[in-house]
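Below: the structure, in C-alpha cells.
Residue numbers start from 1 in every chain, and the chains themselves are labelled A, B, ... in the order their sequence lines are given, proteins ahead of strands.
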Amino acid sequence: MKFYVTTAIAYVNARPGLHHAYEFTGTDALARFHRQRGDDVYFLTGTDENATRNEQAAKEQGIPTRQLVDRYAAEFRQMADLWHISYDRFIRTVDPDHIVGVQEFVRRWIANDDVYLSTYEGWYCTGCEAFYEESDLVNGQCPIHPTRQIQRLKEENYFFRLSKYEQRLKDLYHERPDFCVPEVRRNEVLGWLERGLKDVSVSRRNLTWGIPFPDKPGHTVYVWFDALINYATGVGFGTDEKKFKKWWPADLHVIGLDITRFHCLFWPAMLMSAGLELPRQVYAHGFLHYAGEGRLSRSSGNMIDPIAAANEWGSDALRYLLLREAPFAKDSPISPDLLDLRFNADLANGLGNLVSRATKMVELYCEARVPPPGKEGPSEKALRETAERALRAHDEYAARLDFSEALAAIFAVVEEANKHFQRTQPWQAVKEPPRKGEVEASLYAGLEAVRLVAYLLFPYMPTISPRIAEVLGVESPASAKWEAVARWGLLESGKQIRTAPSLFPRLERAKTA
RNA sequence: CGCGGGGUAGUGGAGCGGUACCACGCCGGGCUCAUAACCCGGAGGGCCUGGGUUCGAAUCCCAGCCCCGCAACCA
C-alpha cells in the first residue's frame with residue numbers, strides 16, 4: 001500500500017528548535033514503521049520561506065532575501081539529516097515547481113469563482129508593520145508598541161470564499177470522524193465550525209517577496225496559503241501529474257496543535273475548491289514544554305538546541321527519549337535532566353546493559369556462538385510470550401502514532417529479558433556441567449529477545465538498531481523484510497556473535513530526582 | 001457567561017462509578033553475567049475546594065479556585 005505522509009513545513013524566521021525535531025522525528029518513526037512493514041512510502045518535509053518577514057529581516061541584515069532563506073533552510077535540512085529524518089523530499093516553498101503548482105492551484109479557485117476582490121481593514125502598527133485585531137489591542141494601542149499611534153488601514157486583497165464551504169466541511173466531519181485526530185483537536189475544530197466561517201484574505205499587496213498571485217499583478221499569495229499547498233506540489237501537483245496521481249491524496253498530515261485551524265478547515269476547503277481529493281487524516285500532536293515553567297521556546301530562554309542536543313545525547317537516543325517521554329498526542333514537560341534520567345534508566349541500564357550481559361555470557365559460556373534453543377523452560381516461555389505480545393502491541397500503538405506506548409511495549413521485552421536472566425541465572429548453572437542445556441536455553445532466549453527488540457526499534461533508532469543486529473550477526477533492520485524476521489525463534493544456532501562497545505554509556509552527570 | 005484542555009505519591013503520568021496504578025527517584029535486601037548495572041521487597045498519596053447523586057466517586061452532576069492552549073490574516 002502507498003503511504004504519503006507529511007510534516008508541517010518549518011517557518012524559517014529562526015533557527016530550528018527542538019519542537020521541529022520532535023515533529024520530524026515522530027513523523028519519521030511513522031514513515032520508517034510503514035516502510036518496514038512493506039508499504040510504499042513517500043515522506044515530505046521542508047521549509048516555508050515566503051513570509052514577508054523574511055524580506056524585512058534580510059533588509060535589516062543588508063543581504064538579499066534569497067540568501068537569508070537559503071541559510072535558514074540549510075540549517076533545517078542539516079538538522080533533519082543529523083536526526084536521520086528519512087524524507088523523500090525536502091521541499092522549499094521557493095522551489096520553482098512549488099511556485100508553478102501554487103499558481104495553478106489558485107487559478108482553479110479563480111475558475112471556480114471562489115476568489116473576489118475586497119478590502120481588508122484593520123489596525124496597523126507601523127512599529128510591527130503588522131495588522132492587529134480589535135481584540136488584540138491593549139488600551140486601544142499596539143500591545144508591543146503602546147506609545148505609538150496605531151492606525152486604521154485598509155488594504156485591497158483577494159478573498160477566498162471559505163464561507164461557501166462551511167456546510168461541506170460540516171459534512172466532512174460528520175462523515176469522517178477520524179479526519180482530525182486526536183479527539184481533543186477535533187472537538188476544537190467542531191467548535192470553530194459551529195461558530196461559522198468567514199471568508200479569508202489570500203493575497204498581499206505590493207510585496208516583492210512571495211509567489212505572484214496568478215493574473216493579478218501587484219498581489220502575492222498570502223504565505224499561509226502558499227505554504228499549505230506544498231503538500232500537493234511536493235508530489236508533483238501542477239508539474240508532474242503522474243507523480244501526483246500516484247501519491248495524492250496524502251494519507252496523513254502531521255502538524256502541531258497550533259495550526260489545526262489551517263489544516264482542518266482552510267486546507268480541506270482549499271482542496272474542495274481546487275477539485276482535489278482530501279487527505280485521509282490530520283494528526284495534531286502536542287507541544288514540548290520546559291519542565292518547570294513555560295513553553296520550550298527561544299523567547300523564554302530554555303531552548304534545547306536540536307543540533308547540539310543530537311551531538312550530546314546521540315540522535316538515536318534523543319529520538320527515543322523524546323518520543324517515549326512526550327506522548328505524541330498531548331503536551332509534555334521536557335528538560336535536560338528528565339532526558340538524562342530516562343537515558344540512564346532505559347537506554348544505559350536497560351537496553352544497553354542487556355545487550356552487554358547477554359553477549360558477554362554467550363562469549364564466556366558458549367564460545368561466542370549462538371547456542372541451540374534447547375528445551376523451553378517456564379522462564380523462556382514467559383520471555384517468548386512477552387516478545388510476541390510486544391510484536392502485536394507495538395504495531396497497534398505505532399499505527400496510531402502513540403509512540404510512547406509503542407516504545408513501552410518494546411521495552412517491556414527488555415525488562416522481561418533482564419528478569420529472565422535473574423530467574424535462570426546462567427552464571428550459576430554454568431558451574432554444573434550437567435546443566436549446560438539450561439544455560440544454552442536461557443541464553444538463546446535472551447539473544448532472541450534482543451534480536452526482536454532490535455528489529456522493533458528500527459523506526460526509532462535507525463543507527464543503533466542495525467548495530468545490535470550486527471552484534472548478533474543477523475540481517476540489518478534497514479533492509480530485512482519484516483515477515484522474514486519478526487517471529488520468535490529465527491536466530492540460527494552456531495553463528496558467531498560479536499561483542500561491541502557499550503551502546504549507551506551511562507551518563508554520570510545525571511541528577512537524581 | 002468566547003472555545004478547548006487540565007489540576008492524582010518528591011517528579012512525570014495512567015485510571016474516568018466499586019474503594020488508588022505505573023515509571024523515575026528514594027530506602028532495605030539479594031546477586032555478580034553486565035554499563036556501581038540487574039533482581040526482590042519497602043516507604044510515600046487518598047486523587048484542587050465546597051456541595052450533591054449513589055449502597056458506593058479521582059471517576060457522574062452543580063458551584064468555585066487555579067493552570068495551559070486557542071480566539072482566523074504575525075507561520
Of the listed nucleotides ([options]), which one gets closest to any side-chain atom of [X]?
X        : options             : answer
A/Leu257 : B/G69, B/G5, B/A72  : B/G69
A/Phe504 : B/A34, B/A72, B/U35 : B/U35
A/Arg261 : B/C39, B/A71, B/U35 : B/A71
A/Arg204 : B/A72, B/C73, B/A34 : B/C73
A/Glu188 : B/G69, B/C73, B/C40 : B/G69
A/Arg195 : B/G2, B/G5, B/U35   : B/G2
A/Asn353 : B/C70, B/G13, B/A37 : B/A37
A/His289 : B/A37, B/G13, B/C68 : B/C68
A/Tyr222 : B/A14, B/C73, B/U32 : B/C73
A/Trp427 : B/A37, B/C24, B/U32 : B/U32

Residues 401-413 of chain A, side-chain donor-acceptor partners within the protein, below 3.5 Å, at least two apart:
unit_1   : atom_1 : unit_2   : atom_2 : d
A/Asp402 : OD1    : A/Glu405 : N      : 3.3
A/Ser404 : OG     : A/Arg324 : O      : 2.9

Check this for me, if you would: do [X] and [Y] make a salt bridge, where the nitrogen-to-carboxylate-oxygen distance has to be below 4.0 angstrom?
X        : Y        : result
A/Lys419 : A/Glu416 : no
A/Glu380 : A/Arg384 : no
A/Glu188 : A/Arg185 : yes
A/Glu385 : A/Arg389 : no
A/Arg186 : A/Glu183 : no
A/Arg71  : A/Glu75  : no

Taking atom [atom2] of [N] as reference, at what distance in whole Å does atom [atom1] of [X] sit?
X        : N     : atom1 : atom2 : answer
A/Glu363 : B/A34 : CD    : P     : 10 Å
A/Leu265 : B/C3  : CG    : C1'   : 13 Å
A/Glu415 : B/C40 : CD    : P     : 9 Å
A/Asn418 : B/C38 : CG    : P     : 7 Å
A/Arg186 : B/G4  : CZ    : P     : 14 Å
A/Leu347 : B/A34 : CG    : P     : 21 Å
A/Glu194 : B/G4  : CD    : P     : 11 Å
A/Leu193 : B/G4  : CG    : P     : 14 Å

Is the shortest side-chain N/O distance from [X] to OP1 or OP2 of [N] below 4.0 Å?
X        : N     : answer
A/Asn344 : B/C24 : no
A/Arg185 : B/G4  : no
A/Gln425 : B/C39 : no

Between [M] and [N] - [atom1] atom distance, rounded Å:
N     : M     : atom1 : answer
B/C74 : B/G4  : P     : 26 Å
B/A71 : B/C62 : C1'   : 28 Å
B/C16 : B/C70 : C1'   : 25 Å
B/C47 : B/C38 : P     : 34 Å
B/G46 : B/C21 : P     : 14 Å
B/A57 : B/G10 : C1'   : 27 Å
B/U54 : B/C60 : C1'   : 9 Å
B/G13 : B/C61 : P     : 23 Å

Residue matched to B/G4 through Watson-Crick or wobble contacts both under 3.5 angstrom: B/C68
Base partner of B/G25, which must satisfy Watson-Crick or wobble distances under 3.5 Å: none
Given RNA chain B, 5'-ward residue of the pair A/Asp48 and A/Tyr365, judged by closest heavy atom: A/Tyr365
Of A/Gln428 and A/Gly352, the one whose closest RNA chain B nucleotide lies more 5': A/Gln428
B/A72 glycosidic torsion: syn (within 90° of 0) vs anti: anti
For B/G7, glycosidic torsion class - syn if within 90° of 0, otherwise anti: anti
Side chain proximity check, A/Phe105 to A/Phe225, heavy atoms < 4.5 angstrom: no
